Amino acid sequence: MSATVQREITPFRRFAADYASNKIAVVALIGVVIIVFLALFANLIAPQNPYDLAQLDIMDGRLPPGAKSPAGWTYWLGTDDQGRDMFSGILYGLRISLGVGFGSAATAGVIGSALGLIAAYAGGWVETAIMRLVDLQLSFPAILVALMILAFLGKGVMNVMLALVIVEWARYARTARAAALVERRREYVEAAECLALPQWRVLFRHILPNCMPPLIVIGAIQVASAILLEATLSFLGLGVPITEPSLGLLIANGYQYMLSGKYWISFYPGLALLVTIVCLNLVADQLRDVLNPRLQR
Amino acid sequence: MTVWIFRRLIQAVFVMLAMTVIVFVGVNVIGDPVEILISPDADQAERIRAIAALGLDKPLWEQYLRFLWGAVRGDLGRSFVFNEPALQLISQRMPATLELAVTAVLLAVVLGIPLGLLAGLYPHSLFGRLAMAGSILGFSLPSFWVGLMFIMIFAVQLGWLPSTGRGATVTVFGIPWSFLTRDGLAHMAMPAFNLALGNIALVLRLTRSGVRENMPMDYVRFARAKGLSPQRVVFVHVLKNIMIPVVTVLGLQFGSTVAFAVVTESVFAWPGMGKLIIDSINVLDRPVIVAYLMMIVLMFVTINLIVDLLYTVLDPRVRIGGAE
């Protein structure tokens with residue numbers, strides 16, 4: 001008989017062990033944590049506040065990576081046309097990109113999941129109305145819907161978030177409805193209904209928690225696509241304003257200097273964006289495999 | 001079958017109507033129609049006269065019917081910037097966009113299907129795994145940034161390809177085309193490939209999973225047992241069964257490609273309707289915005305309709321399922 005105490009296998013431990021079975025996914029998760037950390041503490045990590053004009057020197061404009069500033073420190077990723085340190089600019093840009101991406105994906109998740117659950121539970125004309133709207137919206141590509149909304153509203157951080165929420169809610173609604181249709185036939189729902197619990201309680205306290213796995217997977221994918229879409233819109237000049245530059249806008253700023261060979265103004269923000277998206281997609285891929293092997297993209 | 005087509009047609013008309021309402025509400029309720037439709041240089045008297053002439057003092061439903069009637073006759077207003085009918089501007093730029101999008105979709109077929117076949121036949125080989133990793137990258141890469149990098153490498157550093165514009169064109173049936181000249185092809189190479197990247201990844205994945213699904217099936221085993229060559233089994237028997245989903249997805253993807261051309265055209269200054277819409281949004285040339293949105297919605301509704309109809313022709317199971 002071994003004397004060791006059997007460690008209890010909680011659902012979370014099992015989940016963590018399943019997730020860790022793919023080494024690349026673990027690296028990607030660490031990457032996401034580091035990126036979020038960098039964005040959250042940008043003001044502490046960045047060597048310079050890129051939007052404090054007192055700290056900028058126009059004479060430092062468009063210096064290549066590794067150049068020294070007159071004050072004696074090194075611009076590891078070069079500077080942009082205003083003499084901003086690109087590394088600091090990227091950290092502050094990450095903050096806006098991630099804020100918009102996570103914020104809109106979470107808002108869309110709450111609205112979309114609620115509507116999807118209501119559609120599945122209510123049935124009848126409510127379900128038809130909601131699902132027809134979902135079908136209509138998903139038959140047009142995200143970029144077109146976002147373009148249309150921003151053409152009406154004009155640019156701005158809140159407008160971009162609103163556009164992203166409108167673009168993304170439909171996918172959550174479809175997923176939530178599909179999951180809830182399966183769950184609502186289960187015995188525990190019948191039991192809850194027999195207890196004469198109010199409908200909203202059955203729906204949101206009993207059915208919703210059991211629909212979470214596919215919704216988490218969709219959420220992870222949607223964060224990545226929201227960040228990418230925001231960057232694209234900002235690159236086109238329809239997204240965030242100049243005063244709050246995200247990674248997409250930083251890339252756009254470097255566009256005009258590309259042709260004279262000053263690659264770093266566009267290259268490094270793009271690399272930061274690429275690494276962020278790849279890490280998020282890899283995490284989402286592994287989550288999908290672990291949480292729901294049946295769900296195929 | 002006829003009933004089904006008829007029902008599907010009516011549905012398409014309803015989607016189209018719904019979109020006109022959305023675009024109309026977007027321009028007239030969310031935005032300020034006076035600012036949108038009347039030149040900002042007009043003085044007070046001119047404004048009042050213009051408001052009456054445009055019918056902006058009428059109730060909203062009446063304005064909507066006027067807008068709808070204009071749209072049916074192909075009259076969506078005049079551009080402030082070009083002082084030309086908005087619809088005409090869009091249709092002038094359309095061939096350039098369609099040329100780019102068709103080339104991108106063709107590239108996706110020509111590159112995506114063979115790569116997907118190889119990756120599906122040898123999923124555990126180095127190539128198979130590289131192809132899958134590459135396809136994840138294809139979905140994750142910010143397309144506009146890749147375009148910039150193309151310009152950086154192939155135009156600035158290597159100097160092989162021209163960076164922007166459409167190059168020399170040849171006019172056929174009154175429409176200028178780039179793909180008929182060497183210079184035009186050189187100009188088209190980077191934007192078309194850039195636009196195709198996502199589609200290549202998509203076709204590769206679809207083909208690969210199709211091959212992996214079909215290879216263990218009975219009909220493949222039977223074809224082999226009959227003594228057919230491996231090439232014939234793959235290229236005739238398996239490929240035929242994979243093509244249905246690939247064709248459907250590509251058909252649907254064509255619309256997205258045209259919509260996404262907005263990005264590629266902005267990067268490479270390709271003079272298509274995508275670049276026109278971005279320029280128009282930036283200078284608030286709203287009649288052009290409305291015309292673009294209506295045209296692209298019409299295109300989407302038509303594509304969805306055609307794909308649905310083709311699907312019933314290609315796959316008899318859908319037809320039988322629809323009749324029940």
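Treat the numbers as computed from the prediction; the structure is a model and nothing was measured.
Counted within 6.0 Å of CD1 on I24(A), heavy atoms from surrounding residues, nucleotides or ligands total 12 or fewer; the atom is thus considered open. In this structure, R171(A) places its CZ atom where only 12 or fewer heavy-atom neighbours from other residues, nucleotides or ligands lie under 6.0 Å away.
Residues Y292(B) and L144(A) approach most closely at CE2-CD1, 4.3 Å, considering heavy atoms. Between S140(B) and V278(A) the shortest heavy-atom distance is CB-CG2, 3.7 Å. Nearest heavy atom pair, residue L273(A) against residue F144(B), reads CD2-CZ, 4.1 Å. T232(A) approaches V263(B) most closely through the heavy-atom pair CG2-CG2, 3.4 Å.
Note: S266(B) OG to F235(A) CZ = 7.0 Å, rounded to the nearest 0.5 Å. With rounding to the nearest 0.5 Å, the separation of CZ in F152(A) from CG in L293(B) is 5.5 Å. The CE atom of M148(A) sits 11.5 Å away from atom CD1 of I289(B), with the distance rounded to the nearest 0.5 Å. With rounding to the nearest 0.5 Å, the separation of CG in L238(A) from CD1 in I281(B) is 5.0 Å.
With a 4.5 angstrom heavy-atom cutoff, I251(A) touches chain B via backbone and side-chain atoms both. The parts of L236(A) that come within reach of chain B are both its backbone and its side chain, each placing non-hydrogen atoms under 4.5 angstrom from that chain. With a 4.5 angstrom heavy-atom cutoff, L141(B) touches chain A via backbone and side-chain atoms both. For a residue to count as touching a neighbouring chain, one of its non-hydrogen atoms must lie under 4.5 Å from one of that chain's; by this rule L148(B) touches chain A with backbone and side chain alike. For I303(B), no part lies near chain A; criterion is any non-hydrogen pair under 4.5 Å. Residue contact with chain B, scored on non-hydrogen atoms closer than 4.5 Å, is absent for I227(A). The parts of V267(B) that come within reach of chain A are both its backbone and its side chain, each placing non-hydrogen atoms under 4.5 angstrom from that chain. Of the atoms belonging to A224(A), not a single heavy atom falls under 4.5 Å from chain B.
The shortest side-chain heavy-atom distance between M152(B) and F267(A) does not fall under the 4.5 Å cut-off. Taking the side chain as every heavy atom from C-beta outward, F300(B) and P141(A) approach each other to under 4.5 Å.
For the pair W145(B) (side chain) and S266(A) (backbone), a donor-acceptor distance under 3.5 Å is present.
Counting heavy-atom pairs under 4.5 Å between each of V301(B), I277(B), V297(B) and chain A puts V297(B) at the top. Note on L150(A), I149(A), L271(A), L233(A): by heavy-atom pairs under 4.5 Å with chain B, the leading option is L271(A). Between chain B and the residues L228(A), L282(A), L280(A), the largest count of heavy-atom pairs under 4.5 Å involves L228(A).
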